[in-house]
Amino acid sequence: MLGFGVRWDQDSRTVFAEKAGVQITLQVDNTEAILNGDSTTLSVAPRNIEGSVFVPIRFVGEASSFEVSWDSATKTIFLMPPRPVVSVDGKSKITISGKWGHITKV
């Protein structure tokens, strides 16, 4: 759903995910992840539960420039993709993505 091509290596129990500008490597039961060649520590390791691998959605979502939020009342995760916002006069444009916005003149 996030647009990644995903490959699984059974021997190392590793997930490789890739899309334009984003490469992620996650290993089951390991809190170290690789994002675009850089190592980072996850708050929780990927898990294999009954043959399905569950990965930390906040990490994967934010790595994809999605804004990730959690509604504890409904136990729902929301992923908001990057989206452009243009001023009424069309002279300014901001792309809202993840934690940061990128402002450009049109």
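Since the model is a prediction, treat every value here as computed from it, not as a measurement. We number each residue from 1, following the sequence as shown.
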Rounded to the nearest 0.5 Å, what separates atom [atom1] in [X] from atom [atom2] in [Y]?
X	Y	atom1	atom2	result
Asn30	Thr14	CG	OG1	8.0 Å
Glu32	Leu42	CD	CG	9.0 Å
Arg58	Ser43	CZ	OG	8.5 Å
Ile24	Phe16	CD1	CZ	12.5 Å

Q.
Show the nearest heavy-atom pair for residues Ala33 and Leu26, with the distance to one decimal.
A. CB-CD2, 3.5 Å
Q | Residues Val60, Phe66; criterion side chain to side chain contact (heavy atoms under 4.5 Å, CB included); working and verdict | A | CA-CA 9 Å; Val60 175; Phe66 279 68; over 6 Å; no
So do the side chains of [X] and [Y] get within less than 4.5 Å of each other, counting heavy atoms only?
X	Y	value
Trp8	Arg13	yes
Ser87	Lys93	no
Val22	Leu35	yes
Trp70	Lys75	yes
Pro46	Gln27	no
Ile77	Val68	yes

(Q) Under 4.5 Å between side-chain heavy atoms, counting indirect links through other Ile/Leu/Val/Met/Phe/Trp/Tyr residues: same cluster for Ile34 and Val55 or not? (A) no
(Q) Using a 6.0 Å distance limit plus a 45 degree cone around the ring axis, check whether Arg47 lies over the aromatic ring of Phe54. (A) no
Q: Would you please test Thr31 and Val44 for side chain to side chain contact (heavy atoms under 4.5 Å, CB included) and show each step?
A: CA-CA 6 Å; Thr31 57; Val44 63; over 6 Å; no
Q.
So does Leu2 get a backbone contact from the side chain of Lys19, meaning a donor-acceptor N/O pair under 3.5 Å?
A. yes
Q | Donor-acceptor contact present, side-chain Glu18 to main-chain Phe4, <3.5 Å | A | no
